[in-house]
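Before any comments, here is the structure.
These numbers come from the heavy atoms of this one structure, side chains and all, not from hydrogens, waters or symmetry mates.
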Amino acid sequence: MNKEEPTKSPVIEISQLSQFFRQGQTRLEILKNVSLKIRAGEMVGLVGPSGSGKSTLLHLAGLLERPSGGKIVYMGQDCELMTDNQRTKLRLNEIGFIYQFHHLLPEFSARDNVIMPQLIAGLPKIEAANRANQLLNMVGLSERGDHKPSQLSGGEKQRVAIVRSIANVPQLVLADEPTGNLDPLTSAQVFEQLRRVIKGGKLSALIATHNHQLAEQLDRSFKIEGGSLVEL
């Protein structure tokens with residue numbers, strides 16, 4: 001596979017990021033002085049076993065937590081200087097999240113699950129529904145839009161979760177083991193759908209996975225070793 005050359009604009013810049021927790025008198029260091037730039041159009045992999053700090057880094061990059069030290073700059077904005085409301089607005093409009101478990105709302109159809117974040121962002125319902133239909137068609141689920149999650153296969157649920165993550169046209173997608181709950185064949189198919197969606201939309205992505213074969217398909221990959229980031 002020919003890897004595409006990303007453009008030079010940095011979407012997110014992580015500088016000297018640290019995260020630690022205390023258990024009594026013990027200080028547990030999860031991340032130590034991690035620095036990483038992700039540029040527009042670039043897909044970056046993050047590999048390592050469970051407990052290595054992959055999810056912690058994704059949570060920090062997604063502004064779900066505040067770091068113990070260091071800085072995150074998103075599209076030129078220092079996130080540490082933002083209020084909680086500003087961080088929430090940025091997450092809603094500029095960052096898409098995909099998790100190992102799809103986290104679809106079980107009482108709503110696949111289409112409604114993709115419509116929902118758009119309505120929260122203020123898009124009119126008709127426009128949101130049209131975009132949801134386009135996105136579902138993009139991943140081959142146009143005929144499954146009226147089905148609820150319980151009526152979908154594992155791979156179909158994760159494809160809905162993928163297009164839901166880009167419904168608000170974010171600049172950055174953060175994916176935490178997006179195929180970790182799938183069998184190898186379905187995992188490869190869903191990962192390729194994710195890659196096509198990200199590249200087709202010229203988005204950026206940071207994808208945590210324990211699957212080195214999948215990570216090799218990305219523009220760059222890193223592992224977390226002893227709390228530090230090491231390029232592969």
Side-chain angles (χ1 to χ4, degrees), residues 1 43-47 50 54-55 58-59 62 64 91-121 123-218:
M1 178 183 298
M43 296 181 72
V44 176
L46 190 61
V47 300
S50 297
K54 300 191 306 295
S55 294
L58 286 174
H59 288 169
L64 296 171
R91 279 197 304 270
L92 176 63
N93 295 309
E94 302 293 347
I95 302 175
F97 295 89
I98 309 170
Y99 299 98
Q100 179 174 348
F101 299 99
H102 53 82
H103 294 304
L104 299 178
L105 299 171
E107 65 272 28
F108 292 98
S109 68
R111 182 182 298 104
D112 286 339
N113 268 278
V114 182
I115 288 173
M116 197 71 64
Q118 300 178 74
L119 296 182
I120 294 172
L123 200 68
K125 189 170 183 179
I126 292 178
E127 290 184 36
N130 287 338
R131 176 159 173 77
N133 287 332
Q134 292 170 359
L135 291 171
L136 290 171
N137 183 60
M138 185 189 302
V139 293
L141 293 176
S142 57
E143 296 181 358
R144 306 288 275 169
D146 292 327
H147 290 66
K148 293 184 177 180
S150 61
Q151 299 170 303
L152 301 175
S153 69
E156 288 172 336
K157 292 173 187 175
Q158 204 63 340
R159 279 187 277 164
V160 175
I162 288 170
V163 295
R164 179 185 59 182
S165 75
I166 66 165
N168 287 337
V169 197
Q171 293 293 320
L172 176 68
V173 173
L174 300 172
D176 194 356
E177 298 284 1
T179 63
N181 201 37
L182 305 174
D183 65 79
L185 177 60
T186 305
S187 174
Q189 293 171 340
V190 169
F191 197 87
E192 176 58 19
Q193 290 279 6
L194 173 60
R195 196 192 69 81
R196 285 174 53 198
V197 166
I198 298 296
K199 288 297 186 180
K202 298 182 180 179
L203 309 178
S204 302
L206 179 60
I207 302 173
T209 178
H210 63 271
N211 190 322
H212 286 258
Q213 289 181 322
L214 297 182
E216 287 174 358
Q217 301 178 44
L218 304 178

Inset, instruction - Work out which heavy atom in Gln118 is nearest to a heavy atom in Glu127; give both atom names and the distance. - result: OE1-O, 4.3 Å
Legend entry - Listed partners of Asn137 passing side-chain hydrogen bond (donor to acceptor under 3.5 Å, both in side chains), at least two apart: none
Inset, instruction - Find the distance between CG (Leu218) and NZ (Lys199) and round it off to the nearest 0.5 Å. - result: 8.5 Å
Legend entry - side chain to side chain contact (heavy atoms under 4.5 Å, CB included) involving Leu105 - partner list, sequence neighbours excluded: Glu107, Phe108, Asn113, Met116
Inset, instruction - Could you tell me which non-hydrogen atom of Ala208 sits nearest to which non-hydrogen atom of Leu58, and how far apart they are? - result: CB-CD1, 3.6 Å
Inset, instruction - Output all residues satisfying side chain to side chain contact (heavy atoms under 4.5 Å, CB included) with Ala129, sequence neighbours left out; order by chain, then residue number. - result: Ile115
Inset, instruction - Hey, could you give me the OG1/CD distance between Thr209 and Gln217, rounded to the nearest 0.5 Å? - result: 10.0 Å
Inset, instruction - Under the salt bridge (charged side-chain N to carboxylate O under 4.0 Å, His left out) rule, collect the residues that match up with Lys54, sequence neighbours excluded. - result: Glu177
Inset, instruction - Taking Gln158 for its side chain and Gly155 for its backbone only, find out whether a donor-acceptor pair lies under 3.5 Å. - result: no
Legend entry - Non-neighbouring partners of Arg144 that pass salt bridge (charged side-chain N to carboxylate O under 4.0 Å, His left out), sequence neighbours left out: Glu156
Inset, instruction - Could you label the plane-to-plane angle of the His103 and Tyr99 rings as parallel, tilted or perpendicular, counting under 30° as parallel and over 60° as perpendicular? - result: perpendicular
Inset, instruction - With rounding to the nearest 0.5 Å, note down the distance linking CZ in Arg159 to OG in Ser153. - result: 6.5 Å
Inset, instruction - Please report the shortest heavy-atom distance between Ala121 and Asn93, naming the atom on each side. - result: CB-OD1, 3.7 Å
Which atom pairs, donor and acceptor, lie under 3.5 Å between side-chain atoms of residues 165-174 and protein residues at least two apart or in another chain?
from: Ser165; atom 1: OG; to: Ile162; atom 2: O; distance (Å): 2.5
from: Asn168; atom 1: ND2; to: Leu92; atom 2: O; distance (Å): 3.3
from: Asn168; atom 1: ND2; to: Pro117; atom 2: O; distance (Å): 3.1

Legend entry - Spacing of Ile207 atom CD1 and Asp176 atom CG [to the nearest 0.5 Å]: 11.0 Å
Inset, instruction - With side-chain contact (heavy atoms from CB on, under 4.5 Å) as the test, would you mind laying out the steps for Val160 and Leu136 before giving the verdict? - result: CA-CA 7 Å; Val160 175; Leu136 290 171; 4.2 Å; yes
Inset, instruction - Could you please spell out the steps behind the side-chain contact (heavy atoms from CB on, under 4.5 Å) verdict for Glu192 and Gln189? - result: CA-CA 5 Å; Glu192 176 58 19; Gln189 293 171 340; 5.9 Å; no
Inset, instruction - Quick one: closest heavy-atom pair of Leu119 and Pro124, and the distance? - result: CD2-C, 4.3 Å
Inset, instruction - Check whether any side-chain heavy atom of Arg164 sits under 4.5 Å from a side-chain heavy atom of Leu104, and report yes or no. - result: yes
Legend entry - Spacing of Asp146 atom CG and Gln151 atom CD [to the nearest 0.5 Å]: 9.5 Å
Inset, instruction - Mark yes when over 12 heavy atoms from residues, nucleotides or ligands other than Gln213 sit less than 6.0 Å from its CD; otherwise mark no. - result: no
Legend entry - Reported OG-to-CD distance for the pair Ser142 and Gln134, which is rounded to 0.5 angstrom: 12.0 Å
Legend entry - Shortest non-hydrogen contact from Ser187 toward Leu214: OG-CD1, 3.7 Å
